[in-house]
Amino acid sequence: MANGVPLPTDSYKLGFIGAGKMAESIARGVVKSGLLPASNIRTAHLGLTRKTAFESFGVKVFDHNDQVVEDSDVVIFSVKPQVVKNVVLQLRPRLSEKQLLVSVVAGVKLKDLQDWAGHSRFIRVMPNTPAAVGVAASVISLGAAATKDDGELISKLFGSIGKVWTADEKLFDAVTGLSGSGPAYIYLAIEALADGGVAAGLPRELALGLASQTVLGAASMTANAGKHPGQLKDDVASPGGTTIAGIHELEKAGFRGILMNAVVAAAKRSKELSPS
């Protein structure tokens, strides 16, 4: 297989360097979707808990990362940002330009990854934690030697755990501030809605269930109804009714500005943490 030649979309071998929760979520999604059989996926870990997690759905678990690299066509680096440089440099002698390399490591740029690996058939992906339940928001950016076919293959792979967008890498700090950190903002909102329900007299379990389902329903409406969220808001807010009274309180507290500031602050911090 020459450099840049498309990989077979239904029979390539997928390897994970790093056997944490994100790697597990991606692997489970790939298997569940039928995109690849578990026998085509491999990782490495010496700890019993992580080995068992992957082996429980048929993934091969080696003892060492170099075994994963030697037996994979697509290699996904899913390790902590502070160790990724050493991991890539250690594996560099075994990395081949015939392989497609992928990083889901937050804050580490393609230029650095390509320099450490010694070649640039690399794709950077920013997924988020809802990958664990198959509804991730993932953004991909292609490295210098990654082809259109490579991009389509990775889009399909990450499509097994949610929705995928393609964007210039210069936007990734903003992506981190919005979709990377965003789930935490929504968890706070769900908790606050549930607390409001309790304050209004609801049992805790019912309040939390209603808050969670309400956020899920509103997100689904926004994604699928073909309407601007402002219009969807207006559809709920009857003149002189309960909803507009609640919205008035949110506006007085600067609700929208607070969320905007949170995204911008997280994006700024992502930029500060980037090694270059």
[atom2] on [Y] to [atom1] on [X], rounded to 0.5 Å:
| X | Y | atom1 | atom2 | value |
| --- | --- | --- | --- | --- |
| Ser39 | Lys13 | OG | NZ | 9.0 Å |
| Ser25 | Lys32 | OG | NZ | 11.5 Å |
| Lys268 | Leu273 | NZ | CG | 12.0 Å |
| Gln90 | Leu95 | CD | CG | 11.5 Å |
| Asp168 | Thr166 | CG | OG1 | 11.0 Å |
| Ser179 | Lys163 | OG | NZ | 13.5 Å |

Heavy-atom closest contact ([X] atom, [Y] atom, distance):
| X | Y | value |
| --- | --- | --- |
| Pro183 | Gly180 | CD-O, 3.6 Å |
| Ala19 | Thr43 | CB-OG1, 3.7 Å |
| Ala106 | Pro81 | O-CG, 3.5 Å |
| Ala266 | Ser181 | CB-OG, 3.8 Å |
| Phe54 | Gly20 | CZ-O, 4.1 Å |
| Trp116 | Leu89 | O-CD2, 3.7 Å |

Between the side chains of [Y] and [X], is the shortest nitrogen-to-carboxylate-oxygen separation below 4.0 Å, so that they form an ion pair?
| X | Y | answer |
| --- | --- | --- |
| Glu272 | Arg269 | yes |
| Glu169 | Arg124 | yes |
| Arg94 | Asp66 | yes |

If we only count heavy atoms from C-beta on, is the [X] to [Y] side-chain gap below 4.5 Å?
| X | Y | answer |
| --- | --- | --- |
| Phe16 | Ile26 | yes |
| Asn261 | Val264 | no |
| Tyr12 | Leu153 | yes |
| Leu46 | Asp63 | yes |
| Phe172 | Val139 | yes |
| Thr214 | Leu193 | no |
| Asn65 | Leu91 | yes |
| Leu113 | Leu101 | no |

So, the side chain of [X] versus the backbone of [Y]: is there a donor-acceptor pair under 3.5 Å, distance only?
| X | Y | answer |
| --- | --- | --- |
| Thr147 | Asp150 | yes |
| Gln114 | Arg121 | no |
| Asn40 | Leu36 | no |
| Asn128 | Ala137 | yes |
| Asp71 | Gln67 | no |
| His45 | Phe62 | no |
| Ser212 | Gly209 | no |
| Tyr185 | Ala262 | yes |
| Ser72 | Val68 | yes |
| Arg28 | Ala132 | no |

Output a table of donor-acceptor pairs, distance under 3.5 Å, between side-chain atoms of residues 244-252 and any protein atom two or more places apart or on a different chain; print 'none' if there are none.
residue : atom : partner : partner atom : Å
Glu249  : OE2  : Lys252  : NZ           : 2.9
Glu251  : OE2  : Arg256  : NE           : 3.3
Glu251  : OE2  : Arg256  : NH2          : 2.7

- If you count the non-hydrogen atoms of other residues, nucleotides and ligands that lie under 6.0 Å from NZ in Lys85, is the total more than 12?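 Result for NZ/Lys85: open.
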
- Message: As a quick check of understanding, evaluate side chain to side chain contact (heavy atoms under 4.5 Å, CB included) for Val236 and Leu232, giving each step before the final call.
- Response: CA-CA 7 Å; Val236 184; Leu232 292 171; 6.0 Å; no

Tell me whether [Y] is reachable from [X] by hopping between hydrophobic residues (I, L, V, M, F, W, Y) whose side-chain heavy atoms are closer than 4.5 Å.
| X | Y | result |
| --- | --- | --- |
| Phe122 | Val83 | yes |
| Ile154 | Met126 | no |
| Val69 | Val87 | yes |
| Phe255 | Leu178 | yes |
| Val175 | Leu142 | no |

- Under the criterion side-chain contact (heavy atoms from CB on, under 4.5 Å), which of Ile123, Ile17, Leu14, Val125 is the partner of Ile76?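 Between Ile76 and the candidates, side-chain contact (heavy atoms from CB on, under 4.5 Å) is satisfied uniquely by Leu14.
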
- Quick one: which residue pairs count as a side-chain hydrogen bond (donor to acceptor under 3.5 Å, both in side chains) with a foot in residues 187-208, not counting sequence neighbours?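 Pairs touching residues 187-208 that pass the test: Asp195-Arg204.
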
- Message: Could you walk me through whether Gln231 and Asp235 satisfy the side chain to side chain donor-acceptor pair (under 3.5 Å) test, starting with their C-alpha distance in whole Å, then the side-chain angles of each, then the deciding distance to 0.1 Å, before giving a yes or no?
- Response: CA-CA 6 Å; Gln231 180 60 55; Asp235 291 345; 2.8 Å; yes

- Message: Is there a side chain to side chain donor-acceptor pair (under 3.5 Å) between Asp173 and Thr176? Walk through the geometry before answering.
- Response: CA-CA 5 Å; Asp173 289 323; Thr176 299; 5.1 Å; no

- Item | side chain to side chain contact (heavy atoms under 4.5 Å, CB included) evaluation trace for Arg50 with Lys21 | CA-CA 9 Å; Arg50 299 314 299 153; Lys21 292 297 181 68; 3.6 Å; yes

